[in-house]
Enquirer: 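Take this structure, written in C-alpha cells, and hold onto it; I'll ask about it next.
This chain uses plain numbering: 1 for the first residue, then up along the sequence. Counting convention: from 1, in listed order, for ligands and their atoms alike.
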Amino acid sequence: MHAGDSTVTLVVRCEQEPCTRRGRVFNEIVVPLGDVELMWEGYGHGAEDVADYCPACGVLGVLSDVLLSSDVPAPEGSSGGGVR
Ligand SMILES: [Zn+2]
C-alpha cells in the first residue's frame with residue numbers, strides 16, 4: 001500500500017470559557033497523513049502556528065477533530081455514513 005499524498009485536516013477550536021468564539025473552529029491545519037502524530041504531539045510545544053491562537057481571546061486553540069481531506073472512499077451505493 002502506498003500512502004501517496006494523502007493529507008489530514010486538523011481542526012483548531014477555542015475552548016476558553018469567557019471567549020466569544022468558544023466552541024467555534026477558527027483554524028484548520030492541513031498536514032501529510034504521516035505527520036499527524038507529530039503534529040498532535042508537538043502542538044503547544046512548538047508545532048503550533050500564529051493562526052492557532054484564537055483571534056478573539058489570544059489563547060492557543062485546541063485540536064479537536066481530524067478530517068481526511070483526501071483518500072475519501074467513494075460511496076458504493078449504500079448511504080448511511082458508516083465509518084470504518
Ligand atoms: Zn477564544
Enquirer: In Å, rounded to the nearest 0.5 Å, how long is the span from OG1 of Thr9 to CD1 of Ile29?
Expert: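 Reported value, rounded in 0.5 Å steps: 10.0 Å.
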Enquirer: To check you understand the geometry: which heavy-atom pair defines the closest contact between Leu60 and Asp52, and what is its length?
Expert: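 What the structure gives for the nearest pair is CD1-O, 3.6 Å.
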Enquirer: Applying side chain to side chain contact (heavy atoms under 4.5 Å, CB included), can you list everything that pairs with Val62, at least two apart in sequence or on another chain?
Expert: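 By the side chain to side chain contact (heavy atoms under 4.5 Å, CB included) rule, Val62 matches Glu15.
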Enquirer: Determine whether a donor-acceptor pair (N or O, by modelled atom type, separation under 3.5 Å) exists between the side chain of Gln16 and the backbone of Cys14.
Expert: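 Checking the backbone N and O of Cys14 against the side chain of Gln16, no donor-acceptor pair under 3.5 Å is found.
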Enquirer: Can you name the residues that form a side chain to side chain contact (heavy atoms under 4.5 Å, CB included) with Ala56, not counting sequence neighbours?
Expert: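 So Ala56 forms a side chain to side chain contact (heavy atoms under 4.5 Å, CB included) with Cys19, Thr20, Arg21, Cys54.
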Enquirer: Show me the pairs that pass side chain to side chain donor-acceptor pair (under 3.5 Å) and involve residues 31-47, at least two apart or across chains.
Expert: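 Every pair satisfying side chain to side chain donor-acceptor pair (under 3.5 Å) with a residue in residues 31-47: there are none.
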Enquirer: So how many protein N, O or S atoms does the Zn ion (ligand 1) have within less than 2.8 Å?
Expert: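 That number is 4, waters not included.
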